[in-house]
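Below is one structure, written out as C-alpha cells, with a few remarks after it.
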Amino acid sequence: MVLVFTTVALADIKLGAIFSITGPASYLGLPEKQTLEMLVEELNKKNGINGEKIDLIIYDDKGEDAEARKKFLRLVQNDKVIAVIGPSRTGTSLAIKELAQEMGIPLISVAASKTIVYPVQKYIFKTPQSDEQAVEKIYDYLKKNGKKKIAIITSQDGFGDTGRNALIAEAKNYELEVVADERFKDTDKDMTSQLSKIAAKKPDAVICWGVGPAPAVIAKNYKQLNMNIPLFMSHGVASKKFIELAGAAADGIYLPAGRLVVVDKLPDSDKYKPILMAYKKSFEAKFNSHVSPFGGYAYDAFHLFKMAVEKAGKDKAKIADALQNVKGFVGVTGVFNMSKDDHNGLGKESFMMIRIKNGEWEIAE
Amino acid sequence: MKKLNLFYLSFLAIVIVLFYIFVDNQFYKSILIYIMINAINASMLNILFGYTGVISLGQAAFYGIGAYTTGILTVHFGCNPLLTILIGILIASFVAFLVGYPTLKLHGHYLAMATLGFGMILYIFFNEFSNYTGGPSGLVGIPKLSLFGFGLDNEDKFYVFISIYFFIFSILLELFDKSYMSYKLKFIKESEFASKSFGVNVSRVKLIVFVLVAAVTSLTGSIFAFYSGFISPVSFNLKYSIDIFIMATVGGLGSIVGGTLGATMLTAFPELITNFEDYEMIIYGTLLLIIIMFFPQGIAGIFKKFWGRYVKS
C-alpha cells in the first residue's frame, strides 16, 4: 500500500519512509505516518528546505522483513530518494540496515533497540531512546532514595528480553542487588505465584518490564497481595490504555516516560514545553486523536533530516556526516547530541520519572 | 511417457536471461528473486497438495528450519555455509519424518489442523529460543554465501545464482511431472483405496513425498537466509504458509507450472498496483476471487483453455 502523499510539480528533495501502517505493529506505524505527512505539508507551505519542496514517499511494510527490504530497494532504485525514515519495528530496521549502509543511504530508524545503531555505521541512525536509558533513569531514582535490593519481573518477548538484560547488566554499576528474577508470558492471566516468590525475598523495590495487558494484570495482583513495596514499570506502559486496564491498581506505580505524556504539567520554564505543545496541538487538531510518543519519534527523525539537508545539501554522504554532527537539538523525545560513537544521541534525561495518581500522570522527581 | 515441455523451459530460460541483460535495477531484480523463491516453495506445496492430495499449512516451518539452521550455525558457530545448508536439509527431513509419520494418516481438515499446529509450534520455538534465534527481534549478521571463490554479495550476483538454482529446479520438476511417479501420486489423490488395491504402499509414498518436499523447502530457506542476511520469526509465520498455499491454488493445483505462475502473479502483482493506494487490497482481492470462482484450475487452467493446442502444461 503506497501513500504518495504530495506530488509537488517542482519537488526536488525526495524523502522516503517505511512504516508498519497495517499489520500487528500498526499502532506504531499509523501515528508515525500521520506525523510525517503533517510535518511535510507544513514545511512545503513554508517553501520547504532552502526553497526546495519535499516530495515524501511512504510505503507500508506490513511489519514484515521481506516487505521492508523490497520497499527499501524500491525507494532507492525507483524513487531515487536521498534518505529514508523508518522502519517502525526493530526487526524490519535490522533487516535493511546492512543494505542502507552498503548503498550509502542515510537511514533514520524509529525503532527502539540499541542493536540498530551498535556497532555504529556511517549511515544508520535512530531517534527513540534505548532501554538502557530507561533502566538508568529508574536506577538513579532508586539510588537517590537509598534502595539496595531489587526484584525484577520481565516478559518473555523481545521487549522484556532486552529490558531484563539491561536491568541485570546495569545493576552492578548502581550497587543494586537483584534478589529475584521472575518471567511472565504476555498471555498469563494471573501472576500471583511469581509475585508471592518476589514478596518472600523482601526487596526494596520491584521492577516490571513488559507491554500490553500483562503489566496491568501484575498491577492488579500486586494490590490483591497487599504488597507495599514500590512498584516500577517500563516506558512500555506509558499510555492511557494501561491506566484504563489497571484501573485503581495503577495508582502509585512509578515509570520512566517521555515528557510528552506530562506536557500539561511541565513548568513553563521547561525547554521542551514549547516544542511538545506545538506538536501536540497541531497533531490533535489535524487528526482528532491523542498524540503518542511513537509519532514523536517520526517528528524527531524528520527534523534531524531537515537540519542535515539545510546544512549539507542533497549529497547523501554529507547528510550522514551532518547527522553525525547534530548537537543540542531539542526534539520531542529529548536532546540529541550525536557523535561518531553514538548515532542515537539521547541520554537518560530524555526520560522523566512519572507516578500515576488518581488515573493521571504526575511528575515524580 | 510424455515428452518434456521444452517450450516452457526455454521460455523460462529466455525470460531469466533477457531480464538479467536489460534490467539494470536492483529493485526489479529483488522482486524476481522473491518470485523464484516463492515459486519453488509453491511448486513443492503443489506436489504435496495438488498431486498427492496431502494438505499442509505448515510449510513455513520447514522453510524456517532451513533459514534458522543456516543462520544459527553461521552466526554463533562460524560453520561452513554450504555445510549448514546440508545440516538444515537433514534436520528438516528428520522433523518431517517425525511429524509426517503419525499425522499423514489423517485426511482433509484434520491434516490441515495438524500441520497448522506444527507450524505454530515452530513459530513459537523461533521466538522463544532467543539465546540462539535472537527471539522476536531477529538474527543479524548472516554472512554472504560464496561459491568457488565468487562472493554472492549483491543483488546481481545473487540473481544469477538463484536463477541457476531455479532453472535446475524447473527441469527436475518437469522431469517429475512426466515420470511414472507423478501418475502414482495423482492416483493416490484420486482414490487411496483404488491405489492400495493396485499394490501402492500409500502411507509410505505419502511420507516420502512429505519428507522430500520438506527437504527442498529447507534448502530454499537456507538460500533465503543467505540472501537477506537477516531473519526473524515474522518471515516464517502462518501467513507465509497461507501465502504459498494461495500461490499454488491460484496458479493451478496439479499443474506443474502452477506454482511458478501463482508465485509470479501474487508476488509481482501487489508491486504493480501499489500506486492505487487504498484500493490496492480491493483490486487484489477481486482478482483472487475471479480466478477462484471462474477458473478453478487456476492460471494454468486459463492457459490450457486458450492455448491448449500449443502449450502442453
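None of these values were measured; they are calculated from a predicted model. Throughout, protein chains are lettered first and strands after them, A, B, ... in sequence-line order, and every chain is numbered starting at 1.
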Which region of B:F27, side chain (C-beta onward) or backbone (N, CA, C, O), has a non-hydrogen atom less than 4.5 Å from a non-hydrogen atom of chain A, or is it both or neither? both

Is any NZ, NE, NH1 or NH2 atom of the basic residue among A:R69 and B:E155 found under 4.0 Å from an Asp or Glu carboxylate oxygen of the other? yes

Heavy atoms, side chains only, cut-off 4.5 Å: are B:M281 and A:T22 in contact? no

Considering all heavy atoms, the nearest B:S137-A:L94 contact: O-CD1, 3.5 Å

If you count the non-hydrogen atoms of other residues, nucleotides and ligands that lie under 6.0 Å from CZ in B:F167, is the total more than 12? yes

Contact check, side chains of A:K70 and B:I33, non-hydrogen atoms, under 4.5 Å: no

One thing to verify: whether A:K71 and B:E271 come together as a salt bridge, which I'm taking to mean a side-chain N less than 4.0 angstrom from a carboxylate O. yes

Under the criterion side-chain hydrogen bond (donor to acceptor under 3.5 Å, both in side chains), I'd like the reasoning laid out for B:Y28 against A:R74: C-alpha separation, chi angles, the key distance, then a yes or no. CA-CA 8 Å; B:Y28 293 125; A:R74 186 171 182 141; over 6 Å; no

Under 4.5 Å to a heavy atom of chain A? For B:Y227 that would be both

Using a heavy-atom cutoff of under 4.5 Å, enumerate the residues of residues 100-126 of chain A that contact chain B, numbered in order, or state 'none'. A:E102, A:M103

Heaviest contributor of heavy-atom pairs below 4.5 Å to chain B, chosen from A:T90, A:T162, A:N78, is A:N78

Side chain / backbone / both / neither for B:N237 at chain A, heavy atoms under 4.5 Å: neither

Please classify the contact between B:N25 and chain A as side chain, backbone, both or neither, with a heavy-atom cut-off of under 4.5 Å. both

Atom CG of B:D24 and atom CD of A:Q77: how far apart are they, to the nearest 0.5 Å? 8.0 Å

Heavy-atom closest contact (B:Q26 atom, A:L73 atom, distance): O-CD1, 4.1 Å

Side chain / backbone / both / neither for B:S228 at chain A, heavy atoms under 4.5 Å: both

Non-hydrogen atoms of chain A under 4.5 Å away: do they reach the side chain of B:K29, the backbone, both or neither? neither

If I compare all heavy atoms of B:I231 with all of A:D65, which pair ends up nearest, and what's the gap? C-OD2, 4.3 Å

